[in-house]
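Let me begin by presenting the structure, written as structure tokens, before commenting on it.
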Amino acid sequence: MYTGCDLNTCDKDMDFLTAATGEKYVLAGRNSRVDTNIATASSVIGGILGTIEAIEGSMDISELTFTVQGCGKVGSTVAKELLRLGAKKVQTCDLRAGAAEIDGCTPIKDWKTTQCDFLVPCANSLAITEEVATNFPNGLKYCVGATNSPFANAKANSIFNERGVMHIPESISSAGAILADSVEWYDINLYQTVEPSLMYGWIRDISRSKTSELVLHCEKDPASVDSNLKKVIPAREGDPVGKDFPDWIQENSLHTDTLIVGGGLAGTATAFALGQKGLDSVLVEQGQSLAPETASSVGDSRMYRKMYSSEFFSKMQSKALDRWGDVERISGETLLQENGLLFYGEDTGETVEGSVLGAKEVMDNLNLPHTFYATGDEIADAYPALAGCRGKPYSGVCEETAGHIRATKACKAMVKAAGENCNLKVNTKIVSLETDNEDGKVVAVTEGGETIIANKAVIACGPWTNSVLESAKLPKLNLEIWRVQWAHYEVDADVAASIPQAFHFRKESNIDGGLYYVFPSTATESVKTNKNGMAHVKVGVDFPTGDALDGMESFNYEGSEEVLELIDEWVKEHIPGVGKRIDSFCHPYTMTKDSYFVMDKVTPNVALFSGGSGRAFKFGPLLGDCMVSLLTGEEAPVDMAPFSMTREGVTV
């Protein structure tokens, strides 16, 4: 007979039992990074997924509302994971009101009277009484949780059965810690050294498959669950189930040429460039889609232009435009729209975006077509919507062949163009990354318990760069995270037609960094048109809100009202025909001290892109070519020296 940890036990209890039995017969879950609470939560999640897989034919939970009753260590983990998996709504309830306050969840006062599709009991036993089972709000379909003996008696269980509520017994749904104990019993060394996410993934997989098998055995009839349970529960004789764990790890390992961490601009561009060479990749993105809302590659619009104060970047843009054409041709998607770009404003000197006079000089030197405006009056005459320029000491330069790139669509198109060479995994977080294995392989473990084994890796995860480098025991970089804000404004369609894509330079003043931009209504496709038929323009700033950050832990996506007021004032002054602000956004920009990207090899088998500094998107597929050149040793399409991670101010 063996014993182990359970509800209301602690390390002190396990130490006592271990000593009392001569270090025998106690599976204490000690001396390992495996958390038995997370193990239990993993079996609950597996039970949830197996239930809907068997009944609804998929594991999509996006249309389901869950109530997690009990938000201790297990319940809170389940609630967070349901959110990560895309649940429509996760309601949380606990006797301690504060415990139910989980980011993204909806705390409720009474779980017994609140409607849901899926009840997840994770509290003390016997809570579902006959009265609760009878009066629980209509619409409940499933009951799967961690609670031992959730029903007060057999009658309460039968009431749920009669109501058609599919309940999975806790011998399956709450078996996670016992399954972990099985590995501890069979191979203590493996238990104490394994990457925990592998254990959790194995537990989830067993629970999911056993649950699905049970539901199908009982022909989806809740009343037949108990009578069919023995058909899916293994006999006590024979080897422990933990013996299968090493084989499961091998079976759930994915092999590829290149692992790409990050599904934004640089990651998707690398996947495209690898695909062009017939090289396979696995692209892992922790968000729920490519170019996720939480990162910086999302949206309708990014500027492309040859109008730089640097000839180097102007020439890079010319090469990049050719490669954008390849992406459009291969993917069949229209990504670039030519609508011109006006630089205008004061003589600010050089900024992160260049300057008016610096851009004019490069356009002259490279013989690129452009129009120069010597005064604010000339700008206002050419662009009536920019009436705020009249009488100002401004100059301006316009590149008619510039335009905007459909940002989110472009990231998706590059993966589409990579074709079967790219295995995309969204909603997948890397929790372990080993780059120094003796065989030269890169080995990553995902939060879901999958192992990815690659010949090479590319780290392209923007503001999360240093956290990934740190987890891989690689040197961190001197990066800053800026919070950068923008918004959409209503505008009459007739006025909108005369608003150019423009970038305004003015001198800094206190929190006003002086750099403002506007995208025309043709670059705001995702904004739904109001019933009144108003168009929309996008207006934003190219300076940070508040102090720069060194990571994403304290990033505030709400932004600052003070900066939004600056944007409102700028709109009133410069494009007075524009109406009210209808929304606002704040996204992270990963910055280097000199505003040049980092594209370099960290180790012989790992390349890195970071520090896009708000200016990388326009170069898209060309950056992918650069990254692949680092991996293959082929000649890069541009001089890579300016992007070295060993340059001054970059390496910590």
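These numbers come from a predicted model, not from an experiment. The first residue in the sequence is number 1, and the count goes up from there.
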Do R305 and Y308 meet the cation-pi criteria used here (NZ or CZ under 6.0 Å from the six-membered ring centre, within 45° of the axis)?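 That pair qualifies as a cation-pi contact.
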Y304 six-ring centre to K618 NZ/CZ under 6.0 Å and within 45° of normal: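 Because its charged atom misses either the 6.0 Å distance or the 45° angle limit, K618 does not stack over Y304.
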Of all the heavy-atom pairs spanning [X] and [Y], show the shortest one and how long it is.
X	Y	result
T590	G462	OG1-C, 3.2 Å
P637	D625	CG-CB, 3.9 Å
A523	D300	O-CB, 3.2 Å
L366	S314	CD1-OG, 3.5 Å

Is the number of heavy atoms from other residues, nucleotides or ligands within 6.0 Å of [atom1] ([X]) greater than 12?
X	atom1	result
D103	CG	no
N510	CG	no
K412	NZ	no
K429	NZ	no
E573	CD	yes

Show your reasoning for whether ring pair (Phe, Tyr, Trp, His ring centres under 6.0 Å) applies to F313 and Y596. CA-CA 10 Å; F313 282 116; Y596 276 63; 5.1 Å; yes
Salt bridge (charged side-chain N to carboxylate O under 4.0 Å, His left out) contacts in which one or both residues fall within residues 534-561, not counting sequence neighbours: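 Passing the test, one end in residues 534-561: no pairs.
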Is any side-chain heavy atom of [X] closer than 4.5 Å to a side-chain heavy atom of [Y]?
X	Y	answer
T371	V397	no
F272	V415	no
R615	M303	no
F597	T592	no
E346	K507	yes
L342	F503	no

Say whether, by atom type as modelled, one donor and one acceptor occur between the side chain of [X] and the main chain of [Y] under 3.5 angstrom.
X	Y	result
H255	N455	no
S595	V352	no
D257	L279	no

Taking the six-membered ring for Trp, are [X] and [Y] parallel (under 30°), tilted (30 to 60°) or perpendicular (over 60°)?
X	Y	result
H504	Y516	tilted
W486	H488	perpendicular
Y394	H574	parallel

Run the side-chain hydrogen bond (donor to acceptor under 3.5 Å, both in side chains) test on T258 and S281 for me, step by step, so that the C-alpha distance in whole Å, both residues' side-chain angles and the decisive distance to 0.1 Å come before the verdict. CA-CA 5 Å; T258 304; S281 64; over 6 Å; no
Which is it for Q288 and R84 under the side-chain hydrogen bond (donor to acceptor under 3.5 Å, both in side chains) test, yes or no, and what are the steps along the way? CA-CA 8 Å; Q288 296 196 6; R84 189 184 75 83; over 6 Å; no
With T268, which residues qualify under side chain to side chain donor-acceptor pair (under 3.5 Å), at least two apart?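 If we apply the side chain to side chain donor-acceptor pair (under 3.5 Å) test to T268, skipping adjacent residues, there are no hits.
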